[in-house]
Amino acid sequence: QQQVKQSPQSLIVQKGGISIINCAYENTAFDYFPWYQQFPGKGPALLIAIRPDVSEKKEGRFTISFNKSAKQFSLHIMDSQPGDSATYFCAASKGNTGKLIFGQGTTLQVKP
Amino acid sequence: DAGVTQSPTHLIKTRGQQVTLRCSPKSGHDTVSWYQQALGQGPQFIFQYYEEEERQRGNFPDRFSGHQFPNYSSELNVNALLLGDSALYLCASSQIDEQFFGPGTRLTVL
């Protein structure tokens, strides 16, 4: 019940395309859902986060869509760029400073 | 603002040894969490410190222990190292907002 399942494991997108990564959770007590971007040899960097009282949040080219009834949320990267090539992790927690449960990660490659 | 800093960057130890990793939180942050990230995996929560007390703990053995100092900096100690402890150890700090991660310490156990 503590798991967060993420898909796909890897993704290849052409420059300018849309990258979509999906996550599903079981624990209905989770109330904070962040997405992190990680480059090789670096720590995860917070991209965008959402709470279950909204269905969508947009920041620049990054959008989170949230479906509370299905217990799913997704990250959309619009106009994907080669600099977006990285590993992306979804996560969930109860409270925004609590224990983060991470998905398994998605390696994104954006081809020029 | 320096953000979250961790030391050392890399560390090589042998089985059975003990290791101490250090973390300085982002300015203004009073809560520190530690995570273990194995190669190709998502980070796994080890424990969280607030007001110098362990507030939450993940599913890690007692070989993993920690400490938080009055200036909010923190240490992670691992005793009796196993080959499986080889990983990137991440520190994250927060106050009332989101968790910010440091660059991590890469631990290799031979």
Side-chain angles (χ1 to χ4, degrees), chain A residues 1-11 21-25 27 29-51 57 59 62 64 73 75 86-109, chain B residues 2-10 21 23-26 28-51 54-60 66 68 72 87-108:
Chain A
Q1 217 186 17
Q2 286 291 315
Q3 280 189 323
V4 175
K5 295 183 179 179
Q6 183 172 344
S7 63
Q9 187 175 359
S10 63
L11 183 60
I21 305 170
N22 301 297
C23 282
Y25 64 98
N27 189 344
F30 289 149
D31 61 1
Y32 176 68
F33 303 90
W35 284 89
Y36 284 86
Q37 178 190 58
Q38 186 175 30
F39 293 103
K42 305 290 185 182
L46 179 65
L47 266 179
I48 185 172
I50 198 168
R51 296 190 181 281
K57 183 175 181 180
E59 288 184 2
F62 301 93
I64 298 179
F73 58 110
L75 176 69
T87 300
Y88 292 81
F89 292 96
C90 63
S93 73
K94 183 179 179 183
N96 62 353
T97 60
K99 167 185 173 181
L100 283 170
I101 307 297
F102 281 84
Q104 298 90 329
T106 297
T107 301
L108 171 65
Q109 181 184 358
Chain B
V4 180
T5 59
Q6 292 186 243
S7 64
T9 305
H10 297 88
L21 311 181
C23 171
S24 292
K26 188 176 169 67
H29 286 186
D30 57 7
T31 302
V32 172
S33 302
W34 287 92
Y35 292 80
Q36 180 195 67
Q37 186 177 24
L39 203 60
Q41 302 293 319
Q44 299 278 321
F45 177 81
I46 302 174
F47 42 54
Q48 183 181 82
Y49 278 84
Y50 172 70
E51 291 189 343
E54 184 182 287
R55 183 160 69 174
Q56 293 189 76
R57 189 177 182 92
N59 190 24
F60 278 80
Q68 185 178 35
Y72 308 123
L88 180 69
Y89 287 86
L90 295 162
C91 168
S93 75
S94 56
Q95 189 189 26
I96 56 173
D97 215 307
E98 293 90 354
Q99 293 187 41
F100 293 87
F101 283 82
T105 293
R106 172 70 63 188
L107 172 64
T108 301

- Quickly, which of B/Q48, B/R55, B/R57, B/Q56 forms a side chain to side chain contact (heavy atoms under 4.5 Å, CB included) with A/K99? Name it, please. B/Q56
- Message: Quick check on A/P34 against chain B: is it the side chain, the backbone, both or neither that has a heavy atom closer than 4.5 Å?
- Response: neither
- Query: salt bridge (Lys or Arg N to Asp or Glu O under 4.0 Å) with A/E59: which residues, sequence neighbours excluded?
  - Reply: A/K57
- Among B/G104, B/P43, B/G102, which residue forms the greatest number of heavy-atom pairs with chain A at distances under 4.5 Å? B/P43
- Query: Any chance the rings of A/Y36 and B/F101 have centres within less than 6.0 Å?
  - Reply: yes
Donor-acceptor contacts under 3.5 Å from residues 35-42 of chain B side chains, at least two apart:
| unit_1 | atom_1 | unit_2 | atom_2 | d |
| --- | --- | --- | --- | --- |
| B/Y35 | OH | A/L100 | N | 3.2 |
| B/Y35 | OH | B/Q99 | OE1 | 3.2 |
| B/Q36 | NE2 | B/Y89 | OH | 2.9 |
| B/Q37 | OE1 | A/Q38 | NE2 | 3.0 |
| B/Q37 | NE2 | A/Q38 | OE1 | 2.9 |
| B/Q37 | NE2 | B/Q41 | O | 2.9 |

- Item | For B/L90 against A/G43, the heavy-atom pair lying closest together | CD2-CA, 3.9 Å
- Are more than 12 heavy atoms from other residues, nucleotides or ligands located less than 6.0 Å from atom CZ of B/F47? yes
- Note on the structure: Output for pair (A/L46 CG, B/F100 CZ), nearest 0.5 Å, gives 6.0 Å
